[in-house]
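In what follows, every chain begins at residue 1, and chains take the letters A, B, ... in the order their sequences are listed.
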There are 4 protein chains.
Amino acid sequence: MKRIGILTSGGDAPGMNAAVRAVTKTAIHHGLGVVGIRYGYAGLVAGDFVTLTAENVDHMINMGGTFLYSARYPEFAQKEVQEKGVEQLKKHDIDTVIVIGGDGSYHGALALTRLGINSIGLPGTIDNDIPYTEYTIGLDTACNTAMQAIDRIRDTASSHHRVFVVNVMGRNCGDIAMRVGLASGADAIVVPERSYDIKAIAERLKRGFKDGKDNGIIILAEGVMDAADFRTELLKYGEFDCRANVIGHMQRGGAPTVTDRINATKMGNYAVKLLLDGKGGLAVGMENGQLETHDILDLFDEKHASEESLIDINEEMTK
Amino acid sequence: MKRIGILTSGGDAPGMNAAVRAVTKTAIHHGLGVVGIRYGYAGLVAGDFVTLTAENVDHMINMGGTFLYSARYPEFAQKEVQEKGVEQLKKHDIDTVIVIGGDGSYHGALALTRLGINSIGLPGTIDNDIPYTEYTIGLDTACNTAMQAIDRIRDTASSHHRVFVVNVMGRNCGDIAMRVGLASGADAIVVPERSYDIKAIAERLKRGFKDGKDNGIIILAEGVMDAADFRTELLKYGEFDCRANVIGHMQRGGAPTVTDRINATKMGNYAVKLLLDGKGGLAVGMENGQLETHDILDLFDEKHASEESLIDINEEMTK
Amino acid sequence: MKRIGILTSGGDAPGMNAAVRAVTKTAIHHGLGVVGIRYGYAGLVAGDFVTLTAENVDHMINMGGTFLYSARYPEFAQKEVQEKGVEQLKKHDIDTVIVIGGDGSYHGALALTRLGINSIGLPGTIDNDIPYTEYTIGLDTACNTAMQAIDRIRDTASSHHRVFVVNVMGRNCGDIAMRVGLASGADAIVVPERSYDIKAIAERLKRGFKDGKDNGIIILAEGVMDAADFRTELLKYGEFDCRANVIGHMQRGGAPTVTDRINATKMGNYAVKLLLDGKGGLAVGMENGQLETHDILDLFDEKHASEESLIDINEEMTK
Amino acid sequence: MKRIGILTSGGDAPGMNAAVRAVTKTAIHHGLGVVGIRYGYAGLVAGDFVTLTAENVDHMINMGGTFLYSARYPEFAQKEVQEKGVEQLKKHDIDTVIVIGGDGSYHGALALTRLGINSIGLPGTIDNDIPYTEYTIGLDTACNTAMQAIDRIRDTASSHHRVFVVNVMGRNCGDIAMRVGLASGADAIVVPERSYDIKAIAERLKRGFKDGKDNGIIILAEGVMDAADFRTELLKYGEFDCRANVIGHMQRGGAPTVTDRINATKMGNYAVKLLLDGKGGLAVGMENGQLETHDILDLFDEKHASEESLIDINEEMTK
């Protein structure tokens with residue numbers, strides 16, 4: 001084993017740079033070279049490579065985004081494109097690859113492994129929608145960013161006895177909404193995993209105001225509905241001063257939290273060791289707080305298991 | 001002079017509580033009583049009063065929102081309603097009033113003064129749209145909140161070589177957009193005060209990417225257009241990976257900045273002194289960094305003067 | 001079971017208020033009353049009680065500190081003082097108690113249980129120094145606060161090619177230092193759990209500067225040594241521009257993070273259910289990400305197990 | 001005029017990078033070249049120059065510290081060393097220089113101007129201790145950083161009915177202390193500009209606790225005394241639970257605020273225009289909110305005028 005190639009793929013997530021730093025530093029510690037592959041699989045095929053040194057990742061631990069850039073590249077599903085990528089890697093003495101991204105990007109890692117380039121996938125997405133892991137790099141930062149925005153919104157809600165319907169990120173996975181909702185003391189959390197009763201939500205809000213609450217907050221995963229549409233629905237069941245807000249892309253950026261930096265560092269460090277052990281085709285995940293691996297192939301049949309009990313607990317926080 | 005009534009009116013703004021605290025503490029220092037009037041002019045007429053002590057404003061300096069609450073109450077434009085309010089004040093030994101809010105709420109302060117209750121208006125709104133003042137309480141916090149959100153958005157923009165069109169608050173006044181735009185290094189700032197050339201903006205973005213920039217940011221005052229519509233327009237002049245974001249109500253809340261706390265404190269302190277001097281019907285403002293007053297009546301004929309030179313400077317930051 | 005008494009004891013920690021809120025809301029959900037006991041065990045004996053309603057804990061989820069206040073009260077080790085406390089509880093129809101604090105404060109919970117008042121201990125301290133739990137309420141916020149301070153310090157360190165020795169909290173437990181150190185990309189992490197070689201640290205710093213690093217950061221648990229003394233020692237082994245900083249009490253305060261709010265809420269919710277099940281004399285902890293309980297008595301023979309592997313990983317981040 | 005050299009000198013301050021960016025972008029806009037001089041005057045003499053382009057300052061607007069680095073270099077007081085610097089500049093076609101730093105660093109700018117290199121000084125220091133300016137780049141960020149730390153400390157103070165004596169930066173100038181103190185609702189602000197009566201402060205704290213305040217905060221400019229020593233003194237006049245904290249170097253770093261970014265941008269932009277007008281030997285400052293210039297020579301006879309009225313207002317916030 002000579003050199004590790006590393007790329008980021010899919011949407012950026014805070015902590016991706018910390019993971020790249022950890023891979024680079026660990027590899028150097030073990031006498032290996034590291035090559036940054038820019039623009040994900042597109043750059044792999046184009047040979048857009050940059051040698052990484054300890055010094056040029058030194059200031060990366062607290063940077064949001066991905067300094068290696070990311071890009072869509074559906075062409076990598078084709079075998080001949082994959083082979084072009086392998087050629088590029090071989091030409092540059094790269095014999096192993098680490099991919100940081102969503103589970104969509106793991107397909108490429110599996111393909112590379114099958115073509116003789118041992119590759120490891122690290123879960124890098126704020127959405128926490130990857131099977132066999134309770135945590136993805138960026139989740140904690142995104143949740144804190146959204147929660148801090150909602151803390152601000154609650155100030156305004158309280159000043160005017162107002163209800164806010166707030167979209168947080170999460171297409172098919174309600175993990176951000178569940179975490180942010182419980183942490184924000186939301187009156188209701190609406191996610192794709194659970195059905196909801198908008199009339200019951202309206203009743204609860206009315207009861208709250210009657211009992212002396214001065215605000216109402218509904219956290220709504222964007223995959224369920226637009227906040228504006230939910231607001232329209234809600235107003236059918238009560239007369240509220242009600243506004244819709246979309247937290248939006250700011251959830252993707254920013255300096256990572258302690259948890260995201262630590263986990264990104266642990267995972268980057270672990271991925272190098274897996275490669276040193278001759279492993280490939282594996283996805284790294286966290287289960288019960290511990291790092292684990294699964295065959296990438298196994299992930300494709302599986303769905304991410306959300307911590308839905310957070311919703312049950314939130315329900316107990318209401319009368 | 002016995003007791004000062006204080007109310008907040010219009011949209012809440014960070015620093016309103018700091019101003020209420022300053023009024024309360026200054027009044028007590030000078031041997032006067034202070035009464036909080038809840039829910040703005042509605043509470044004034046309803047007699048929703050609460051005595052304020054040094055102790056119950058002690059923890060208010062860093063709280064967002066307004067703990068006195070705010071409410072719409074167009075009825076206060078009617079003379080007989082105003083007189084009802086004056087009755088309530090007299091019944092509770094309140095002979096002066098301080099109103100914190102937008103210039104719309106100054107009408108009430110003027111009416112009260114004409115009815116024998118000396119009243120002073122303090123500029124409390126994030127929008128900075130009040131005549132004869134370069135600053136309104138809450139402006140600085142709102143700008144910092146928006147700018148920090150855009151710093152996060154830029155991480156994502158850079159990771160994907162993407163353009164973001166971002167709505168910040170400001171209906172008829174582009175001050176937030178100008179300040180946030182210059183502070184964010186925006187490629188373009190679009191405000192109600194100035195015409196804009198969307199084709200030129202598109203050309204500038206293209207030139208930027210060609211020259212090696214990895215992101216594009218357009219700051220758009222919400223009064224001009226929705227970010228989503230601007231995006232649609234922009235895409236007619238170029239092929240960008242482009243997203244629209246609305247920062248939204250989070251701009252209104254949160255712990256105030258140093259500047260907002262200091263200015264709110266100065267203004268609250270100053271308002272009490274004006275009342276002690278027997279003044280009424282005045283609006284407090286800041287000009288060239290100094291506190292000044294104008295007759296409230298004069299404000300209604302005047303328009304707020306924005307610091308449009310910020311846009312000119314921003315233009316010089318581009319090629 | 002009628003009413004739950006709740007108190008906070010020992011040093012305050014972010015999330016204590018979120019836990020009090022969760023206990024209150026869960027109890028009300030299950031038809032129970034909740035009484036806040038102010039000033040810890042001192043208030044218990046003095047009968048300084050306040051009825052808690054859903055409404056008065058509504059705004060508490062994001063407040064730092066403890067609104068129930070905390071106080072030292074070593075007298076509660078005496079049996080006759082404990083009995084006075086039990087009398088007060090009985091007089092006020094309080095038949096169960098939840099204590100949030102460090103393991104020192106669990107002694108009181110055990111004593112109350114033995115006197116017939118079922119009591120549960122929740123781990124509330126930033127220090128993470130309690131046996132049988134990998135997490136204490138406040139840890140995550142404290143770590144993020146310290147890390148953000150160090151991000152700022154690194155800006156200055158880099159600008160001047162300077163070394164900073166930074167004290168973070170942690171008397172006998174290095175968990176804050178380990179987490180903050182790894183998350184900050186520290187050149188060295190010095191904790192009570194491990195011996196250290198100051199000469200080797202100096203050599204590493206020299207090597208770093210020679211290789212192009214522009215700063216050096218040493219994270220030092222305050223229980224090991226004062227930063228100023230460590231600096232003096234370090235300068236014996238090299239000529240650095242070196243400064244000492246103590247992050248200090250700011251680590252204790254502030255709005256809690258998502259993790260601290262969620263875990264505080266889970267733990268508060270869980271404690272009520274334990275009491276409903278007739279349990280007492282138990283300490284709630286988190287092991288492998290799951291809530292567990294242990295007899296309080298068992299904790300006194302045990303030491304907290306730190307995640308020392310974080311130090312090993314950090315070592316691999318250096319050459 | 002061909003190329004502008006730019007350097008940062010003295011302690012780093014948030015906004016220095018924003019100023020370098022503004023100089024670079026403005027210069028390019030006007031068809032001029034810009035050269036970054038690394039490590040201040042030391043790098044000027046050593047010829048440590050780097051060409052700056054719009055692209056390499058693009059991401060600098062929100063970075064703390066100074067990416068051009070800073071260094072002490074007292075040797076630049078010597079004429080022959082200055083002449084060596086001028087030689088280096090001429091060799092690299094640099095005919096004008098902008099210096100960002102404290103007024104100590106203006107000596108070099110004046111010397112260069114006298115040797116035929118028109119030079120402009122920009123006030124870059126968090127301390128706000130420069131004559132003829134009410135604002136220095138970095139002041140606003142430093143004040144907000146310190147204030148936010150004190151907001152956290154107040155949580156702990158309140159939880160334990162404790163007094164905190166907090167050192168903020170400021171050797172001979174109390175501006176940070178005055179601003180932070182007023183914004184934090186401090187019980188006392190102690191600065192070099194004013195004498196203080198420690199006994200009166202102790203009495204005020206006692207009165208506060210008696211009247212129901214749950215905390216005490218004293219903001220102490222570090223130039224007056226160490227917080228620990230002040231605490232010792234204070235305890236002679238009352239029995240307080242009292243702790244000393246030093247905010248320390250974190251005040252120097254971090255992403256700049258809106259105000260610091262805007263003012264740094266305005267000042268950088270203005271400095272280029274002064275050079276284009278053939279000016280040199282001038283210091284840029286802000287008076288009554290407007291940019292002004294003074295001969296650098298005039299600054300050396302003058303003392304910075306602090307806004308001491310902030311202390312008077314703070315006194316009125318107490319009984």
Side chain from CB out, backbone as N, CA, C, O: work out which of these in A/Arg38 comes under 4.5 Å of a heavy atom of chain B, or both, or neither.
neither

Between B/Arg154 and chain A, which part of the residue has a heavy atom less than 4.5 Å away: side chain, backbone, both or neither?
neither

Among A/Gly253, A/Ser159, A/Gly65, A/Pro14, which has the most heavy-atom pairs under 4.5 Å with chain B?
A/Ser159

Between A/Thr156 and B/Asp12, which heavy-atom pair has the shortest distance, and what is it?
OG1-OD2, 3.0 Å

Do A/Tyr69 and B/His160 have ring centres separated by under 6.0 Å?
no

State yes or no: are the ring centers of B/His249 and A/Phe164 separated by less than 6.0 Å?
yes

Against chain A, work out which of B/Val246, B/Val166, B/Asp214 has the most heavy-atom pairs shorter than 4.5 Å and name it.
B/Asp214

Heavy atoms from other residues, nucleotides or ligands near CZ of B/Arg171 exceed 12 (cutoff 6.0 Å)
no

If you tally heavy-atom pairs under 4.5 Å against chain A, which of B/Asp151, B/Asp241, B/Asp155 wins?
B/Asp155

Top residue by heavy-atom pair count (under 4.5 Å) with chain B, among A/Gly248, A/Ala157, A/Ser70, A/Ala255?
A/Ser70

Around A/Arg72, counting heavy atoms of other residues, nucleotides and ligands shown, do more than 12 lie under 6.0 Å from its CZ?
no

Rounded to the nearest 0.5 Å, what's the gap from CG on B/Asn245 to CD on A/Gln251? Could you check?
9.5 Å

Identify which part of A/Leu68 has an atom lying under 4.5 Å from any heavy atom of chain B, answering side chain, backbone, both or neither.
neither

If you round to the nearest 0.5 Å, how far is OG1 of A/Thr145 from CE of B/Met250?
9.0 Å

